[in-house]
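For ligands, and for the atoms within them, numbers begin at 1 and follow the listed sequence.
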Amino acid sequence: AFMLEASEISVLEQRVRETLGIDNCIVVPGNSDTQDWVKQEMGKRCAQLLEKMLHPNCTVAVTGGTTMAALAAAMPPIHTAENVMFVPARGGIGEQVENEANTICAAMAKRAKSQYRLLYVPDPIGEESYQTIIEEPSVKEVLSIINRSDIVIHGIGDAMTMAKRRRTPEPLVEQFKSGVAVSEAFGYYFDAEGNVVHRVRTVGLQLEDLDKAESVIAIAGGASKARAIASYFKLGRNNILVTDEAAANQLIKGE
Ligand code: G3H
């Protein structure tokens, strides 16, 4: 049932823009829940978009996840802008190393032939260590770069899926099962109205920092993520969504 023509895709893109109230939306044909190449296609389109947005001395903060990994893999060498810097949006948030923001950040910068800085913070981190580590000069320096990011690119997860995938304390997983958390992005969990219901204790990008960025791009697809995408966009902080046909169809139906 998937595989639309270009003209139908552009109608879908416009309807998603209107539904979410955003400037720009890219929809690729298919459903990334069941077709792996769809995620790769989202990555490719997002990489092309990013390349056009880059400017000299620009800083790009990136999160982790398999969709972001597809973007990293599709990143072309950047010739259009000098001194581009990639940074991870947050410290470790309980993901396996291949899904971590640090890993994606380094992979993306390598392909882009750009610079990068990484965040080394223990995960999870206690309150006392947190206060100490944010004062550590090497961490402080990277944090100051992250907090001034020009472009932020991140995945969106279904809250339960993410809580199970990560090292999440069992009581929290139980609490999420009652449906209180719907979506997840950069370690924050949101309810259906886009309110923060939990945040993973780590350093890095804070929600407020998104307001200072010139562009905030979410990349997330698959019918299974439609509710999560709708919930996350209630925040109203993003201006761009890269998604797929299956998620887009459900988004505009409000399902
Ligand atoms: O924050 C959201 C998750 O990182 C999304 O992960 O792209 O592997 O579904 P995923």
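Neither the backbone nor the side chain of Thr63 has a heavy atom within less than 4.0 Å of ligand 1.
The nearest protein atom to atom 9 (O) of ligand 1, hydrogens excluded, is given as Lys225 NZ, 2.7 Å; this is a heavy-atom distance. Among all protein heavy atoms, the one lying closest to atom 4 (O) of ligand 1 is Gly64 O, 3.4 Å. Looking from atom 5 (C) of ligand 1 to the surrounding protein, the closest heavy atom is Ile156 O, 3.7 Å. Scanning the protein heavy atoms around atom 3 (C) of ligand 1, the nearest turns out to be Met162 CE, 3.5 Å. Ranking protein heavy atoms by distance to atom 1 (O) of ligand 1, first place goes to Glu184 OE1, 2.5 Å.
Comparing heavy-atom distances from atom 6 (O) of ligand 1 across Met68, Arg165, His154 singles out Arg165 as nearest. Between the choices Thr66, Thr161, Thr67, the shortest heavy-atom distance to atom 8 (O) of ligand 1 belongs to Thr66.
Comment: Lys44 engages Glu41 in a salt bridge, judged by a side-chain N to carboxylate O separation of less than 4.0 angstrom.
Summarising the geometry of Ile217 relative to Asn238, their closest heavy-atom pair is C-ND2, 3.8 Å, with the distance given to 0.1 Å.
Each of the following atoms of ligand 1 lies closer than 4.0 Å to a heavy atom of Gly155: 1 (O), 2 (C).
Ligand 1 has no nitrogen or oxygen under 3.5 angstrom from a nitrogen or oxygen of Lys39.
One finds the CZ atom of Arg17 at 8.5 Å from the OG atom of Ser10 (value rounded to the nearest 0.5 Å).
Classified by interplanar angle (parallel below 30°, tilted 30° to 60°, perpendicular above 60°), the ring pair Phe186/Tyr188 is perpendicular. Below 30°, between 30° and 60°, or above 60°: for Tyr232 and Phe190 the angle between ring planes is above 60°, a perpendicular geometry. Using cut-offs of 30° and 60° for the angle between ring planes, the Tyr189 and Phe176 rings count as tilted.
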Could you go through His55 and Asp150, starting from their C-alpha distance and side-chain angles, then the distance that decides it, and tell me whether this counts as side-chain contact (heavy atoms from CB on, under 4.5 Å)? CA-CA 10 Å; His55 52 78; Asp150 301 297; 4.3 Å; yes
